[in-house]
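In what follows, a single structure is set out as structure tokens and then discussed.
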Amino acid sequence: MLVAADVYRPAAIDQLTVLGEQVGVPVYSEGTAVKPAEITKNAVEEAKRNNIDAIVVDTAGRLQIDKTMMVELKEVKKAVNPTEILLVVDAMTGQEAAALVTTFNIEIGISGAILTKLDGDSRGGAALSVKEVSGKPIKFVGRGERMEDLELFYPDRMAQRVLGMGDVLSFVEKAQEVVRQEDTMELQKKIMSAKFDFNDFLKQTQNVAKMGSMSRVIGMIPGMNKVTPAQIREAEKRLAFVESMINAMTAGTFLLNFR
Ligand SMILES: Nc1nc2c(ncn2[C@@H]2O[C@H](COP(=O)(O)OP(=O)(O)OP(=O)(O)O)[C@@H](O)[C@H]2O)c(=O)[nH]1
């Protein structure tokens, strides 16, 4: 169950409700008038009543460290004694990330971090900072805006990406998640017998899209870390254009004459 305990940002509750619907997870909310610690305590009771054994509490975030927020987080921690306390760190904040992690770890005591926006920072400086200043592990990383872009963190794979060696293991795992083995065999047969058509091409591009944002997929391929965000945006635009062209075509058999 997801718990809406960010009572300050007006859209935070709605945002969590939409996310809950998307992933099929119930969302517990009491609006903005109740204190986060109280909401969290009630949510645990509600979860127990419904035999739900895991809850994720979304608390308010701030760019700057804020005393009131720290007190509030301590209250939430005291109220429910969570198994994990994960700090969400934006990788784009660079060195500021180190200060944030240090303060949260001293004040609240974190058990790990989630590093987001790694798609915008391939150098991985923030990842090193988290470990260096807190000694706590990064448990998940975000590489784009979609749910599929949130993944488990593997330090060795991150190191390979930073060194420009790609991340073939994650690439294969993601591909296995979205493509069925039988479909791959079918496709292989089509290519071998020269029957690969525009519909197959469309299916392929849709499968790649299911693996996550284009920057994320490209980043996993060895040697492709030099492709700039602008080039990726351009490629996405062109792909959308080609897709619309194919969708506008009439089905049938055409012979192309290239003489
Ligand atoms: N490119 C990219 N965008 C992300 C990533 N993670 C989150 N975002 C985007 O960043 C914006 C802010 O994300 P939120 O989830 O609202 O951030 P938040 O931590 O809840 O914000 P607070 O209100 O401060 O708690 C949204 O537009 C997200 O789609 C990521 O890994 N990569």
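Every number for a ligand or one of its atoms is a count from 1 in the order of the listing.
Side-chain atoms of Lys136 do not come within 3.5 Å of backbone N or O of Val101 as any donor-acceptor pair.
For ligand 1, the atoms closer than 4.0 angstrom to any heavy atom of Gly142 are 31 (O). Residue-ligand proximity, Asp6 to ligand 1, at heavy-atom distances under 4.0 Å covers atoms 23 (O). Contact atoms of ligand 1 toward Arg143: 31 (O) (distance under 4.0 Å to a heavy atom of the residue). Applying the 4.0 Å criterion to heavy atoms of Gln15 picks out, from ligand 1, the atoms 14 (P), 15 (O), 16 (O).
Counting heavy atoms closer than 4.0 Å to ligand 1, residue Leu150 contributes nothing at all. When non-hydrogen atoms are compared, ligand 1 lies under 4.0 Å from the backbone of Lys117 as well as from its side chain.
With respect to Glu75 and Lys78, no salt bridge is recorded, no charged nitrogen being found less than 4.0 Å from a carboxylate O. Using a 4.0 Å cut-off between charged side-chain N and carboxylate O, Glu151 and Arg157 make no salt bridge.
In this structure, Gln204 places its CD atom where more than 12 heavy-atom neighbours from other residues, nucleotides or ligands lie under 6.0 Å away.
Residue contact annotation: Asp119 has a non-hydrogen atom under 4.0 Å from ligand 1. The shortest separation from a heavy atom of Gly144 to ligand 1 is under 4.0 Å, placing the residue in contact.
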Could you pull out all donor-acceptor pairs under 3.5 Å where a side-chain atom in residues 229-246 meets a protein atom, sequence neighbours excluded?
| residue | atom | partner | partner atom | Å |
| --- | --- | --- | --- | --- |
| Gln231 | OE1 | Thr228 | N | 2.9 |
| Gln231 | OE1 | Thr228 | OG1 | 3.3 |
| Glu234 | OE2 | Arg238 | NE | 3.3 |
| Glu243 | OE2 | Thr205 | OG1 | 3.2 |
| Ser244 | OG | Ala240 | O | 2.7 |

Please list every donor-acceptor pair under 3.5 Å in which a side-chain atom of residues 18-39 meets a protein atom from a residue at least two apart or in another chain.
| residue | atom | partner | partner atom | Å |
| --- | --- | --- | --- | --- |
| Tyr28 | OH | Glu30 | OE2 | 2.6 |
| Ser29 | OG | Gly31 | N | 3.2 |
| Glu30 | OE2 | Asn42 | ND2 | 2.9 |

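At a threshold of 4.5 Å between non-hydrogen side-chain atoms, the residues Ile108 and Lys74 count as touching.
Checked against a 3.5 angstrom limit, the closest N/O atoms of Thr59 and ligand 1 fall outside it.
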